[in-house]
Amino acid sequence: MSRPLVVAVTGANGQLGQDVMHALKKRGLQGIPLTRAKVDIVDQAQVMSTFLKLKPDVIIHTAAYTQVDQAESERDLAYQVNAYGARNVACAAAAISAKLIHLSTDYVFDGRANKPYDEYTRVRPVNVYGASKRVGEELVTQCHNKTFIVRTSWVFGKHGSNFVKTMLRLAKSQSELKVVHDQIGSPTYTADLADRLMDMLHTECYGVYHITNSGHCSWYEFACAIMEEKGLQVKVRSVPTSQFPRPARRPSYSVLEGMAMRLQGFAPLRPWREALRDMLQGE
Ligand SMILES: NC(=O)c1ccc[n+]([C@@H]2O[C@H](COP(=O)([O-])OP(=O)(O)OC[C@H]3O[C@@H](n4cnc5c(N)ncnc54)[C@H](OP(=O)(O)O)[C@@H]3O)[C@@H](O)[C@H]2O)c1
């Protein structure tokens, strides 16, 4: 009988990383959690020596610099982590011939489309975070060929901070919430995404994938759904993005089409609203 796969997870304390660790356990796979304290992905020598020692079969690289607004004033740091840090992980994966699942983002697109972006649409990031993640995608594929690039969007889950938790927190202290209606995307539940990564890691179907929960909405509609699911009587008012100036520009439309998933035989994720209901149980 073949031994269970050993899977190392970077960013193991992050919101996706924690659910990836749970999913591995559920599937009976051996997960090695790598936090920043264990390995700083910016340190190339440390990354290489860590993976040469651990020799996992698969690396799921969720660690990233994810502060979209702050990235505008911390460009070098965003690139250190999202571009060169990802490269460091990919070089180490190549050295031990491990499969690599590298997480990326809908923010590689400019948001001018009016239909979902498939995996082969030309990228054109409109902010520093998106640009740094795009360079990460390029460097990773240059360094290692056993690579899955998984772009996801509007991530929410039980761990860490995210839009759902922010809305619930604000609903405790405010009777009205203003939320933008002119940014459209697909919310994605960390537990559902992690589950699909488990299907993927057993295959050799390398390439770029878009994985989100099914359907799409605006942030305003997402906020309304959160209030409805929790039965909260807070008024949600829709406002244009222009009323919420932020340091980083956001794509106004970043719905991702899961063409590669469909063509490679991976099941689509359930509708985002069902996933939201699940996540809110116990919140
Ligand atoms: N959140 C979203 O809405 C979203 C949307 C699309 C794509 N994504 C992508 O999905 C992936 C997971 O995102 P997430 O929401 O789970 O992010 P997260 O909660 O911010 O977690 C990121 C993790 O990366 C770690 N990290 C940062 N710099 C590091 C370094 N130099 N060395 C080692 N670890 C480092 C952080 O550690 P510390 O806790 O020590 O800081 C943190 O645990 C990322 O690739 C992200 O770009 C996220």
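Since we're looking at a predicted model, the values are computed, not measured. Sequence positions, counted from 1, serve as the residue numbers for this chain.
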Inspect the contact between [Y] and [X] and indicate whether a charged nitrogen and a carboxylate oxygen are less than 4.0 angstrom apart.
{"X": "E137", "Y": "K133", "answer": "no"}
{"X": "R27", "Y": "D199", "answer": "yes"}
{"X": "E257", "Y": "R262", "answer": "yes"}
{"X": "R273", "Y": "E228", "answer": "yes"}
{"X": "E274", "Y": "R277", "answer": "no"}
{"X": "R250", "Y": "D69", "answer": "yes"}

Compute whether any side-chain donor of one residue and acceptor of the other, for T241 and D182, lie under 3.5 angstrom apart. yes
Hey, what's the ring geometry for [X] with [Y], parallel, tilted or perpendicular (30° and 60° as the breaks)?
{"X": "H22", "Y": "H159", "result": "tilted"}
{"X": "Y117", "Y": "Y253", "result": "tilted"}
{"X": "F109", "Y": "H210", "result": "perpendicular"}

[X] (side chain) donor-acceptor with [Y] (main chain) under 3.5 angstrom:
{"X": "T147", "Y": "T141", "value": "no"}
{"X": "T10", "Y": "A63", "value": "yes"}
{"X": "Q46", "Y": "D40", "value": "yes"}
{"X": "Q18", "Y": "N13", "value": "yes"}

Pairs meeting criterion ring pair (Phe, Tyr, Trp, His ring centres under 6.0 Å) with involvement of residues 33-87, two or more places apart: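 Applying ring pair (Phe, Tyr, Trp, His ring centres under 6.0 Å) to every pair that reaches into residues 33-87, excluding sequence neighbours, yields H61-H102.
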Quick one, L201 and L29 - any side-chain contact, counting heavy atoms below 4.5 Å?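 When only atoms from C-beta onward are counted, L29 and L201 do touch, with a gap below 4.5 Å.
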